[in-house]
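Counting starts at 1 for both ligands and their atoms, in listed order. Computed from a predicted structure; not experimentally measured.
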Amino acid sequence: MNKKPVAILISGRGSNMSALIEATRDRDYPVEIVGVISNRADAKGLGIAAAAGIETKVIAPKDHPGKEALDAALDEALRAMGAEIVCLAGYMRLLTPGFVEKWAGRIINIHPSLLPLFKGLETHRRAIEAGMRVHGCTVHFVTAEMDDGPIIAQAVVPVLPADGEDDLTRRVLAVEHQLYPLALKLVAEGKARMTGGRTVFSGSFNGSGSLVAPIAGEEAFDIESLARMTP
Ligand code: GRF
């Protein structure tokens with residue numbers, strides 16, 4: 001099988017990185033992880049990647065005179081690894097427009113909200129404060145604007161009345177780990193492409209099922225159970 005070489009950029013824990021590495025254990029998954037790069041030497045994910053036998057590299061701001069130089073080093077390292085797609089997985093730096101331009105359509109990110117809502121940080125707290133009844137995560141192509149590129153895939157979870165920030169963080173993170181491998185597969189297979197500022201899909205997709213929240217008691221979160229409850 002012809003596997004797409006993919007590199008992952010992280011800054012910390014690396015749980016999404018781990019989910020992507022895990023997905024590649026399936027021999028039919030169309031991706032090989034060729035390297036993991038962090039801007040921080042203390043990123044926990046680096047150890048996890050190394051233990052999985054993946055090449056790791058630290059490209060830190062303190063070793064480069066500016067943003068352009070840092071991103072030039074990043075570009076060089078990605079090319080040396082043979083990466084054709086780049087996944088941002090909790091990479092906490094804004095990439096320079098020049099870098100993003102070079103990798104246009106080949107760099108994707110996961111963000112813990114239903115974009116275009118809640119760009120930036122503290123998305124779960126802001127979703128609770130806004131009184132959202134659903135929340136989720138988004139995988140999108142990266143453009144020069146933060147958390148702004150064409151959307152590839154989204155996953156939705158309920159926000160329950162008793163939820164605190166930690167509950168919601170946990171619930172969203174669990175679906176992030178499912179969504180990111182699915183979205184990367186679409187991109188690696190060429191089934192989701194960035195064209196003219198939009199995501200264009202090829203292939204057939206199933207759109208059944210819906211999420212309604214909240215529904216009182218033990219009812220499942222779906223539109224059929226809501227219909228049964230409505231007089
Ligand atoms: C995730 O919530 C991701 O959506 C966001 O940063 C967090 C990274 O977590 N971009 P991890 O390092 O993947 O565990």
Side-chain angles (χ1 to χ4, degrees), residues 6-25 31 33 35-52 54 56-60 74 83 85-95 99-100 103 107-130 132 134-159 163-187 192 199:
V6 171
I8 306 174
L9 305 193
I10 62 168
S11 297
R13 176 178 61 182
S15 70
N16 278 289
M17 174 208 75
S18 298
L20 295 177
I21 293 172
E22 195 55 41
T24 64
R25 297 196 197 287
V31 161
I33 308 294
V36 170
I37 302 175
S38 172
N39 59 318
R40 298 179 55 125
D42 62 353
K44 213 177 133 219
L46 286 172
I48 300 171
I54 295 167
T56 62
K57 201 168 169 61
V58 176
I59 300 182
L74 202 52
I85 296 175
V86 178
C87 289
L88 306 186
Y91 185 66
M92 300 301 284
R93 287 186 61 86
L94 196 55
L95 294 160
F99 178 92
V100 171
W103 289 88
I107 177 163
I108 66 178
N109 178 44
I110 186 156
H111 180 74
S113 79
L114 294 172
L115 290 173
L117 292 173
F118 311 121
K119 296 177 181 182
L121 299 174
E122 305 207 334
T123 56
H124 308 306
R125 182 181 59 71
R126 288 154 64 208
I128 290 172
E129 277 172 15
M132 296 293 292
V134 296
H135 183 45
C137 57
T138 303
V139 178
H140 64 95
F141 286 108
V142 172
T143 56
E145 290 286 305
M146 187 182 69
D147 301 332
D148 196 59
I151 293 170
I152 300 162
Q154 295 182 304
V156 183
V157 300
V159 182
D163 276 347
E165 202 178 332
D166 289 351
D167 303 300
L168 198 51
T169 303
R170 249 193 311 277
R171 194 172 307 128
V172 172
L173 195 62
V175 290
E176 287 186 45
H177 297 160
Q178 295 172 344
L179 187 71
Y180 212 173
L182 291 174
L184 174 59
K185 184 172 192 280
L186 288 177
V187 176
T199 302

Q | Validation row: I8, I54 side chains within 4.5 angstrom (heavy atoms) | A | no
Q.
Looking at R40, I want to see if its CZ is surrounded by more than 12 non-hydrogen atoms of other residues, nucleotides or ligands under 6.0 Å.
A. no
Q) Going by distance only, is there an N or O of M17 that falls short of 3.5 Å from an N or O of ligand 1? A) no
Q. For atom 9 (O) of ligand 1, what's the nearest protein heavy atom and its distance?
A. R13 NH2, 3.1 Å
Q) How far is atom 12 (O) of ligand 1 from its nearest protein heavy atom, and which residue and atom name does that atom have? A) G14 N, 2.8 Å
Q: Can you sort out the partners of H111 under ring-ring contact (aromatic ring centres under 6.0 Å, His included), two or more places apart, ordered by chain and number?
A: none
Q.
Using a 4.0 Å cutoff against the non-hydrogen atoms of I110, which atoms of ligand 1 qualify?
A. 3 (C), 4 (O), 5 (C), 10 (N)
Q) With no hydrogens and no angle check, is any side-chain donor or acceptor of S38 less than 3.5 Å from a backbone partner on A43? A) no
Q.
Considering non-hydrogen atoms of the protein only, which is the closest contact for atom 8 (C) of ligand 1, and what is the distance?
A. G90 CA, 3.6 Å
**Q.** Pair E129 + R126, salt bridge at N-O below 4.0 Å
**A.** no
Q.
So S11 and R93, do their side chains get closer than 4.5 Å, heavy atoms only?
A. no
Q.
I'd like the name of whichever of S15, P112, S113 reaches closest to atom 14 (O) of ligand 1 through any heavy atom.
A. S15
Q. Where is the nearest protein heavy atom to atom 1 (C) of ligand 1: which residue, which atom, and how far?
A. E176 OE1, 3.2 Å
